[in-house]
S.K.: 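Sharing a structure below in structure tokens format, with a few things to ask.
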Amino acid sequence: TLQTSNEPSKPQRVMVIGGDGYCGWATALHLSNRGYEVAIVDSLIRRLFDHQLGIDSLTPISSIQNRLRCWKSLTGKSIELYIGDICDFEFLSETFQSFEPDAVVHFGEQRSAPYSMIDRSRAVFTQNNNVIGTLNVLFAIKEFREQCHLVKLGTMGEYGTPNIDIEEGYITITHNGRTDTLPYPKQASSFYHLSKVHDSNNIAFTCKAWGIRATDLNQGVVYGMRTDETEMHEELCNRFDYDGVFGTALNRFCVQAAVGHPLTVYGKGGQTRGYLDIRDTVQCVELAIAKPAQPGEFRVFNQFTEQFSVNELATLVTKAGEKLGLNVQTIHVPNPRVEAEEHYYNAKHTKLVELGLEPHLLSDSLLDSLLNYTIKHKDRVDTKQIMPSVSWRKIGVKPRTITA
Ligand code: NAD
Ligand code: USQ
């Protein structure tokens, strides 16, 4: 049949870059289960960071090869695998020409703010890896797959904590009597979060200049463990980070409660962020793929479902822990970061809901199952890895080895 519009028929082939990681693994399985042809592209560098820092996922994770074999034997569905670094353009071109994606979901970055603040070399690595990797993806789309939709994981941290409402990507401003709709101001506060700002600028420019179609998902902090697919077999188990470098707030607090470590609230604890359940991460990405951006369009969605301050999270985990008979304490750790600890925060997040997102809000039952899950694995916890070890103020040029 003749294709009359430049809208591709339903996108079918999805390349998941970073598909061996926390969000990417859950998403790759979800999309495969929903009938998409999926390929995972990953350099496995995250597994190397763990070795180098002496940290490990709370949950035991299988090799990517065993994960995919298990998925095939359970469901009959194959996920193609390309192991390599997207900063290597020759490798990336090969994967594009071989797989011919209709959509690329790009999770494949160094995603820890503390990691990017360890020392100069990690700061430079983070921006190099993230910015060059994304640039390469943009060039690959232009060269080999013009209609391919880029779904890029950004972060709510690009906006910082301004004293006005945060909009979804753009803000309409009247200045000296003239009005324009402009990119929302960015005030990131780590070299990692800044790498996402640089990515957003590069993507926005190529949408305009080359007609690339892209969606930037400014995701909040993800929590949770289970998705329908990772639940199907223990070999499909997702990673779960709790250490001071890669662990994120709510997931860390659950592990801390499980092992009787006081909850580590940094500074005053008024730091407020958007949060979402990993089951909503996979749902949001699917929604973005199913309804692609138009050629030349740079769409920005704020991807989170609820806002919490760190103190509020600590209170929720304390209450949920007490119900399970745990004695949960909280300590205020001197803040290793430079960030506002008491601030206004009100961020819009309606565009994904308009596309059909049905949020899994943080509930007693989710906290209950998350705590039980962490209790189940608590013998694997290395408590020396819990306290923060990276200071925003002390970063220097000297290479640092982290020894807990
Ligand atoms: P993760 O570290 O678990 O996974 C990232 C994956 O990307 C890893 O498997 C890693 O090996 C791979 N990767 C990194 N650089 C690569 C490269 N150059 N080439 C090929 N593969 C590469 O991280 P995650 O928590 O799953 O986060 C995924 C994405 O979502 C990131 O872009 C992150 O910034 C974003 N995000 C995560 C969260 C969160 O709370 N986890 C919140 C908001 C946004
Ligand atoms: N915090 C504590 N105690 C802890 C851990 C964190 O008080 O033990 C505080 C931090 O100081 C910060 C907030 O909690 O104010 C969130 O920290 P985090 O480590 O949970 O999240 P963050 O560093 O922002 O990074 C994570 C992901 C990153 C993603 C980001 C989304 O690692 O990839 O981009 O969440 S967002 O926060 O919306 O920018």
Side-chain angles (χ1 to χ4, degrees), residues 16-27 40-50 57 64 82-88 91-92 105-117 125-126 128-130 132-134 136-137 152-161 188-190 192-193 195-196 199 217-224 238-253 256 263-276 278 281 285 302-304 308-311 313-314 332-333 335-341 347 386-388 392:
V16 181
I17 304 177
D20 187 47
Y22 173 56
C23 300
W25 175 238
T27 303
I40 285 177
V41 177
D42 202 300
S43 61
L44 309 186
I45 195 161
R46 181 53 214 283
R47 293 180 187 245
L48 179 64
F49 298 154
D50 289 1
S57 163
I64 184 70
Y82 299 89
I83 293 179
D85 182 344
I86 61 164
C87 293
D88 170 359
F91 161 77
L92 186 67
V105 190
H106 181 14
F107 293 102
E109 298 198 329
Q110 190 301 96
R111 71 112 176 114
S112 157
Y115 187 95
S116 75
M117 302 299 292
F125 169 82
T126 300
N128 195 78
N129 185 62
N130 297 0
I132 307 303
T134 298
N136 278 347
V137 172
K152 166 68 171 48
L153 271 289
T155 175
M156 285 301 293
E158 292 183 36
Y159 302 119
T161 55
S189 63
S190 73
Y192 153 72
H193 287 99
S195 74
K196 297 286 195 184
D199 284 340
L217 298 174
N218 283 340
Q219 187 169 238
V221 188
V222 183
Y223 61 81
N238 205 345
R239 65 175 308 124
F240 192 93
D241 301 307
Y242 66 89
D243 63 274
V245 175
F246 277 95
T248 50
L250 183 55
N251 288 351
R252 269 166 66 70
F253 286 179
Q256 292 167 356
L263 308 187
T264 54
V265 169
Y266 298 166
K268 295 191 180 124
Q271 302 93 306
T272 303
R273 302 287 183 270
Y275 287 79
L276 75 163
I278 190 161
T281 296
V285 172
N302 290 349
Q303 181 167 315
F304 71 95
F308 299 101
S309 70
V310 181
N311 284 329
L313 292 180
H332 285 265
V333 179
N335 199 337
R337 307 186 181 197
V338 177
E339 61 186 356
E341 295 175 4
I386 289 178
M387 290 301 281
W392 265 226

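Counting starts at 1 for both ligands and their atoms, following the listed order. The figures here come from the full heavy-atom set of this structure, side chains too, leaving out hydrogens, waters and symmetry mates.
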S.K.: Pick, from Val310, Leu153, Asp241, the option with the minimum heavy-atom distance to atom 13 (C) of ligand 2.
M.R.: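 Looking at heavy atoms only, Val310 sits closest to atom 13 (C) of ligand 2.
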S.K.: Are any of the N/O atoms in Gly108 less than 3.5 Å from those in ligand 1?
M.R.: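 Yes.
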S.K.: Among all protein heavy atoms in this structure, tell me which lies nearest to atom 30 (C) of ligand 2, with the distance rounded to 0.1 Å.
M.R.: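 Here the nearest protein heavy atom works out to Thr155 OG1, 3.7 Å.
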S.K.: Would you say Arg252 has any N or O atom under 3.5 Å from an N or O of ligand 2, going by distance alone?
M.R.: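 Among all N and O atoms of Arg252, at least one is under 3.5 Å from an N or O of ligand 2.
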S.K.: For Asp42, check side-chain contact (heavy atoms from CB on, under 4.5 Å) against everything at least two apart and list the hits.
M.R.: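 Testing Asp42 for side-chain contact (heavy atoms from CB on, under 4.5 Å), a comparison that skips the adjacent residues, returns Asp20, Ile40, Leu44.
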S.K.: Quick one: does Cys23 get an N or O within less than 3.5 Å of an N or O on ligand 1?
M.R.: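 So ligand 1 has an N or O lying under 3.5 Å from an N or O of Cys23.
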S.K.: Is the closest N or O pair between Val222 and ligand 1 shorter than 3.5 Å?
M.R.: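 For ligand 1, there is an N or O atom that lies under 3.5 Å from one belonging to Val222.
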S.K.: Nearest non-hydrogen atom to atom 2 (C) of ligand 2 belongs to which of Phe308, Phe107, Tyr159, Tyr266?
M.R.: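 Of the listed residues, Tyr266 has the closest heavy atom.
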S.K.: Is any N or O atom of Thr248, backbone or side chain, closer than 3.5 Å to an N or O atom of ligand 1?
M.R.: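 Thr248 vs ligand 1: no N/O contact under 3.5 Å.
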S.K.: Looking only at heavy atoms of Gly220, does any of them come nearer than 4.0 Å to an atom of ligand 1?
M.R.: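 Yes.
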S.K.: If you measure from each heavy atom of Tyr192 to ligand 1, is any distance below 4.0 Å?
M.R.: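 True for this residue.
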S.K.: Can you find an N or O of Asn129 that's nearer than 3.5 Å to an N or O of ligand 1?
M.R.: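 Yes, there is a polar N/O contact under 3.5 Å.
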S.K.: What is the closest protein heavy atom to atom 20 (O) of ligand 2, and at what distance does it sit?
M.R.: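 Of the protein heavy atoms, Ala249 N, 2.7 Å lies nearest.
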S.K.: Can you find an N or O of Tyr22 that's nearer than 3.5 Å to an N or O of ligand 1?
M.R.: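 By distance alone, the answer is yes.
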S.K.: Within less than 4.0 angstrom of ligand 1, does Ser112 place any heavy atom?
M.R.: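 No, Ser112 has no heavy atom closer than 4.0 Å to ligand 1.
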S.K.: What is the nearest protein non-hydrogen atom to atom 38 (O) of ligand 2, stated with its residue, atom name and distance?
M.R.: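 Answer for atom 38 (O) of ligand 2: Met156 CB, 3.2 Å.
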S.K.: Can you tell me the protein heavy atom closest to atom 21 (O) of ligand 2 and the distance?
M.R.: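 Minimum-distance protein heavy atom for atom 21 (O) of ligand 2 reads Val221 CG2, 4.0 Å.
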S.K.: Does ligand 1 have any atom sitting under 4.0 Å from a heavy atom of Gly154?
M.R.: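 Yes, Gly154 has a heavy atom closer than 4.0 Å to ligand 1.
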S.K.: When you compare ligand 2 with Asn335, is there at least one nitrogen or oxygen pair between them that comes in under 3.5 angstrom?
M.R.: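 There is no such contact.
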S.K.: Which heavy atom of the protein is the closest neighbour of atom 15 (O) of ligand 2, given with residue, atom name and distance?
M.R.: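 The answer is Glu339 OE1, 2.9 Å.
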S.K.: Please identify which atoms of ligand 1 are closer than 4.0 Å to at least one heavy atom of Asp85.
M.R.: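 Result: 17 (C), 18 (N), 19 (N).
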S.K.: Once you measure the plane-to-plane angle for Phe125 and Tyr115, does it fall in the parallel (<30°), tilted (30-60°) or perpendicular (>60°) bin?
M.R.: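 It falls in the perpendicular class, over 60°.
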S.K.: If we ignore hydrogens and angles and just use 3.5 Å, is the side chain of Arg252 paired with the main-chain N or O of Ile386 as donor and acceptor?
M.R.: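 Yes, the answer is positive, given that a donor and an acceptor are paired below the 3.5 Å cut-off.
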S.K.: Just let me know how Asp241 lines up against ligand 1, side chain, backbone, both or neither, with a heavy-atom cut-off below 4.0 Å.
M.R.: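 Neither; nothing of Asp241 gets under 4.0 Å from ligand 1.
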S.K.: Taking the side chain as every heavy atom from C-beta outward, state whether Gln219 and Leu153 have any pair of such atoms under 4.5 Å apart.
M.R.: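 A side-chain contact exists here, since the closest heavy-atom pair is under 4.5 Å.
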S.K.: Could you find the nearest protein heavy atom to atom 28 (C) of ligand 2 and give me its residue, atom name and distance?
M.R.: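 Nearest protein contact, heavy atoms only, for atom 28 (C) of ligand 2 is Arg111 O, 3.4 Å.
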S.K.: Would you say ligand 2 has an N or O under 3.5 Å from any N or O of Ala113?
M.R.: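 So ligand 2 has no N or O lying under 3.5 Å from an N or O of Ala113.
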S.K.: Please work out which of Arg273, Met117, His193, Gln219 has its closest non-hydrogen atom nearest to atom 24 (O) of ligand 2.
M.R.: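 Comparing heavy atoms across Arg273, Met117, His193, Gln219, the nearest one to atom 24 (O) of ligand 2 lies in His193.
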S.K.: Would Ile17 count as a polar contact of ligand 1, with the cut-off being nitrogen or oxygen pairs under 3.5 Å?
M.R.: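 No, Ile17 has no N/O under 3.5 Å of an N/O on ligand 1.
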S.K.: Quick one: look up the protein heavy atom nearest atom 10 (C) of ligand 1 and list residue, atom name and how far away it is.
M.R.: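 Looking only at protein heavy atoms, the one closest to atom 10 (C) of ligand 1 is Asp42 OD1, 3.4 Å.
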S.K.: Examine the proximity of ligand 2 to Arg337 and report which part, side chain or backbone, both or neither, has a heavy atom under 4.0 Å away.
M.R.: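 It is the side chain that gets close, since no backbone atom is under 4.0 Å.
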S.K.: Using modelled atom types only, decide if a donor and an acceptor are shared between the side chain of Gln256 and the backbone of Thr264 within a distance under 3.5 Å.
M.R.: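 The answer is yes, because a donor-acceptor pair under 3.5 Å joins these two groups.
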S.K.: Output the list of atoms in ligand 1 that are nearer than 4.0 Å to some heavy atom of Arg239, sorted by atom number.
M.R.: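 It comes down to these atoms of ligand 1: 3 (O).
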S.K.: Under the ring pair (Phe, Tyr, Trp, His ring centres under 6.0 Å) test, which residues partner Tyr223, sequence neighbours left out?
M.R.: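 Tyr223 satisfies ring pair (Phe, Tyr, Trp, His ring centres under 6.0 Å) with no residue once adjacent residues are dropped.
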